[in-house]
Amino acid sequence: MGGWNMKNKISAASAVSIRLAVLLAAAGSVRAETGKPAADDAVVLGTVNVSGVAAPDDVIEVEDTPSTSIKDVFEKNVSVGVGGPTAFSQRVFVNGIEETNLNVQIDGARQANNLWHHNTNLLIDPNMLKSVGVDAGVAAADAGPGTLGGSLRYETRDVDDFLPAGRNFGAFLGGSFASNLSAFTESGAAYARGHGFEALGYASHIEGKDYDAGDGERVRGTGANQISALGKVAYTSEGGHRIEASGQHMVDDGIRPFRANFSSARGQAIYSENTFKRTTANLKYSTRMPGELYDPEIRFYYNDTSLSRPSPTGGFRPGYFNSAIESFGMTALNRFRTPLGELTAGIDYYNDRATTDNFRDAVFVETSTNLGGFAQLRSRPLDWVTLSTGLRIDSQELESVDRKRFENTGASPNVSLSLAVAPGLTLKGGYAYVFGGIPLSEAALFHTMPYSSYSDDLDPMRSTNAKVGLNYTIDGFWVEGEVFSTRIQNTPMYEEGPGVFKRINGPALKTEGFNLGAGYQIENAEFGAHYTQTEVEFDRSPLDTTAFYLGSPVGEIIKLHGAYAWPEAGVKVGMTSEIAMQYEYPRDSGFLDLAGYQTYNVFAQWQPSFYRGLTVRAEVNNLTNTDYVDRYTAGSSASFIVPLKNPGRSFLVSTRIEF
């Protein structure tokens, strides 16, 4: 692995052994503190994902507690990292692979958001998330097209997630204050159901000032100003036919660094208006009364993501533009219960259109369409064998900004196998070969110049993914491990020179490593520890922190979490921690080593017995006031960049009342 000599490998292996021994011992100490079973109305721990190593169809259930960013959602999953301390700069990485190389969906609506490499790909409100499905590397055929490095599937809450059986309407109001950001958040929702109809409306607003890093320095351009809205309506007939419609709208608007994910570059600290918007609409048909051969799902969706950076003096200036990516898509599938297992078969389609206005020339346009067909069989041929295998065929067409037309067709087979070889012990493995087509160029690349050309022999992206691992559980204890590898070919690259800016095929991107996890869980207590050693290489060299749309260096990272609840008192306390080891580049790489860091967050939550609809929560984030840049944040390996530091210690108080 690039950047690691034999001494590094030996010391890393020793460190892993020591850390796991300590973590398992700590888990054993938690086991002794068992509590009595909770009463029906008592507060217990939220649904806990005990699989920090993401497997095919691994689902992270999002706990019903306030979240300040999408990073909170993945704090127990070591396969997933989030770079960028602010909502407008955050990007998600799976095993070090950046999310534009994954199929990313929100409520089934595919997202295509590669607007500008200095901004977030996906603006999302974590407080309305129900779950996130993670396919790290190996993804099923029905996960959608373009799963080069896997998939992420975000699902928002429905009316049934808020209303228990016997209740037909309700509402909640929430508010919070974060001291470091001086940020106030207000949120509220109302929901109802009856006579087959359902309706839900939600809105939130957060506004705050620039935060201070751990060294007390004010990080300019980080003030929060975000609006989120979600609406859903549905109708289910007596025959089980169900129609759902939903719409989401999010806006982040503020004065940001000229390059939103850097504090400064080459000594220049420039700030400008930056407005990022996302609108997603969904229409879905399904049935609540499926038959052996009839269980359809038909979905239409529309997604519009835009970034506005107006020139403060008007007219053309490099770096100022209006860019947008509009997507329209559909999926139609049916699930068949066969003697071999459940077979999901169907088709999907999308049309993406990227536009950029640089306030000087004509608007630049690029389009991509894809029609795919897929089939995935999930079966249990033996009591101790679980098999999932499938195939999809995609036909993609790209009309580039220089009006070239590229047409490609490819197949994407996959297989995953799970073997219950002994009580509590499961072995698992998977492989996928993926056709990824030719993705849209970054929309904002068109903002400074008329785009020169695309290479005539541009080839589609393809990837190979493999993983093998095990899970073992006994009496509440669990241990898991996984080895993985992903290799993506024909990455986007640009040939630059005097009067030349040409898109060409780039070298291969590769990530490989292993993830380990251990912990203990009972009804009112849980503890978990996860460790990854991941190396990401581009053209057989370690990846740097400005490899936009490719990935991020990872190295060694540990994530810890634990919580304990006193059900009768309605009290729950807990902690999370992220520990990153120093990452060393080869001496001749020209990159700066990435410093290690340790961060700790603690919380206490109370739901009084006299009214379980009231929740009061207090948190201390970055308890030790560590001055650091997290591992996945851009720019920390470049000497000419001052990256965005993470916030220092912050006290957060929140409350929520349900009616």
Side-chain angles (χ1 to χ4, degrees), residues 57 59 102-113 122 124 128-135 139-147 150-161 196-200 202 230-237 239-250 278-291 293-305 325-336 342-353 368-376 378 390 392-396 412 437:
D57 298 327
V59 178
L102 284 66
N103 181 293
V104 180
Q105 302 175 11
I106 299 178
D107 289 337
R110 174 183 163 275
Q111 306 292 304
N113 298 335
L122 182 66
I124 191 167
M128 281 299 287
L129 285 179
K130 174 171 59 179
S131 65
V132 185
V134 181
D135 288 318
D142 52 5
T147 58
S151 70
L152 289 171
R153 300 182 298 281
Y154 299 93
E155 292 289 336
T156 58
R157 298 179 188 272
D158 296 314
V159 173
D160 288 346
D161 299 312
F197 290 94
E198 300 171 17
L200 179 153
Y202 165 83
L230 170 67
K232 290 188 173 186
V233 293
Y235 174 72
T236 305
S237 70
H241 302 288
R242 180 175 174 84
I243 297 177
E244 304 171 61
S246 66
Q248 301 177 57
H249 183 65
M250 289 201 67
R278 178 179 65 82
T279 301
T280 300
N282 255 299
L283 180 64
K284 174 185 172 183
Y285 165 80
S286 60
T287 180
R288 290 284 178 91
M289 297 182 182
L293 301 178
Y294 180 77
D295 187 4
E297 182 177 310
I298 302 172
R299 181 189 303 274
F300 296 90
Y301 65 84
Y302 171 80
N303 195 70
D304 180 16
T305 304
I325 297 180
E326 289 184 284
S327 298
F328 169 80
M330 63 83 64
T331 300
L333 61 84
N334 191 64
R335 300 176 184 90
F336 303 88
E342 182 180 273
L343 175 65
T344 301
I347 60 172
D348 50 35
Y349 169 85
Y350 72 75
N351 176 271
D352 297 338
R353 186 174 188 267
S368 174
T369 60
N370 189 92
L371 177 63
F374 56 86
Q376 187 77 22
R378 295 173 174 89
R392 64 174 296 123
I393 306 293
D394 289 289
S395 179
Q396 191 229 14
S412 303

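All values reported here derive from a predicted model rather than from experimental measurement.
To the nearest 0.5 Å, atoms OG1 (Thr305) and CE (Met250) are separated by 11.5 Å. Once rounded to the nearest 0.5 Å, the distance linking CZ of Arg157 with CE of Met128 reads 7.0 Å. Between the OH atom in Tyr202 and the NZ atom in Lys232 there is a gap of 12.5 Å [rounded to 0.5 Å]. Expressed to the nearest 0.5 Å, how far CG of Asp295 lies from CG of Leu343 amounts to 12.0 Å. One distance of note links CG of Leu283 with OH of Tyr301; it measures 13.5 Å at 0.5 Å rounding. From Gln111, atom CD reaches atom CG of Asp352 across 10.0 Å, with rounding to the nearest 0.5 Å.
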Applying side chain to side chain donor-acceptor pair (under 3.5 Å) to Asp135 and Ser151, what does each step give before you reach the verdict? CA-CA 5 Å; Asp135 288 318; Ser151 70; 2.8 Å; yes

Going through the checks in order, is the side chain to side chain contact (heavy atoms under 4.5 Å, CB included) test met by Asn303 and Arg110? CA-CA 8 Å; Asn303 195 70; Arg110 174 183 163 275; over 6 Å; no

For Lys284 and Ser246, what are the C-alpha separation, side-chain angles and deciding distance, and is it a side chain to side chain contact (heavy atoms under 4.5 Å, CB included)? CA-CA 9 Å; Lys284 174 185 172 183; Ser246 66; over 6 Å; no

CA sep, side-chain torsions, deciding dist, call: Thr147, Leu102, side chain to side chain contact (heavy atoms under 4.5 Å, CB included): CA-CA 5 Å; Thr147 58; Leu102 284 66; over 6 Å; no

Run the numbers on Asn334 and Phe336 for side chain to side chain contact (heavy atoms under 4.5 Å, CB included), then give the verdict. CA-CA 6 Å; Asn334 191 64; Phe336 303 88; 3.2 Å; yes

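Using modelled atom types, one finds no donor on one side chain facing an acceptor on the other under 3.5 Å when comparing Thr369 with Asn351. For the residue pair Ser368/Gln396, the side-chain donor-acceptor check at 3.5 Å is satisfied.
Residues Pro145 and Asp394 share a closest heavy-atom pair of CB-OD1, 3.8 Å. Contact between Leu122 and Ile106 at its shortest, heavy atoms only, is CD1-CD1, 3.6 Å. Counting all heavy atoms, side chain and backbone alike, Thr156 lies closest to Lys130 at O-CE, 3.9 Å. Nearest approach of Thr280 to Ala109, heavy atoms of both residues: CG2-CB, 3.7 Å. Phe374 and Ala332 get closest at one heavy-atom pair: CZ-O, 4.5 Å. Between Glu244 and Ala234, the closest heavy-atom pair is CG-CB, 3.9 Å.
Of the possible donor and acceptor atoms, none in the side chain of Glu155 sits under 3.5 Å from a partner among the backbone N and O of Arg153. Side chain of Gln376 to main chain of Ala141: a donor-acceptor pair is present (N/O by atom type, distance under 3.5 Å, no hydrogens or angles). The backbone N or O of Ala143 lies less than 3.5 Å from a partner atom in the side chain of Gln105, making a donor-acceptor pair.
Tyr285 and His241 have parallel rings, their planes meeting at less than 30° on a 0 to 90° scale where 60° marks the start of perpendicular.
Checked for salt-bridge contact, Asp142 and Arg335 miss the test: no charged N lies under 4.0 Å from a carboxylate O. Looking at Asp107 and Arg299, no side-chain N of the basic residue comes within less than 4.0 Å of a carboxylate O on the acidic one, giving no salt bridge. One finds a salt bridge joining Arg392 and Asp348 here, because a Lys/Arg side-chain nitrogen approaches an Asp/Glu carboxylate oxygen to under 4.0 Å.
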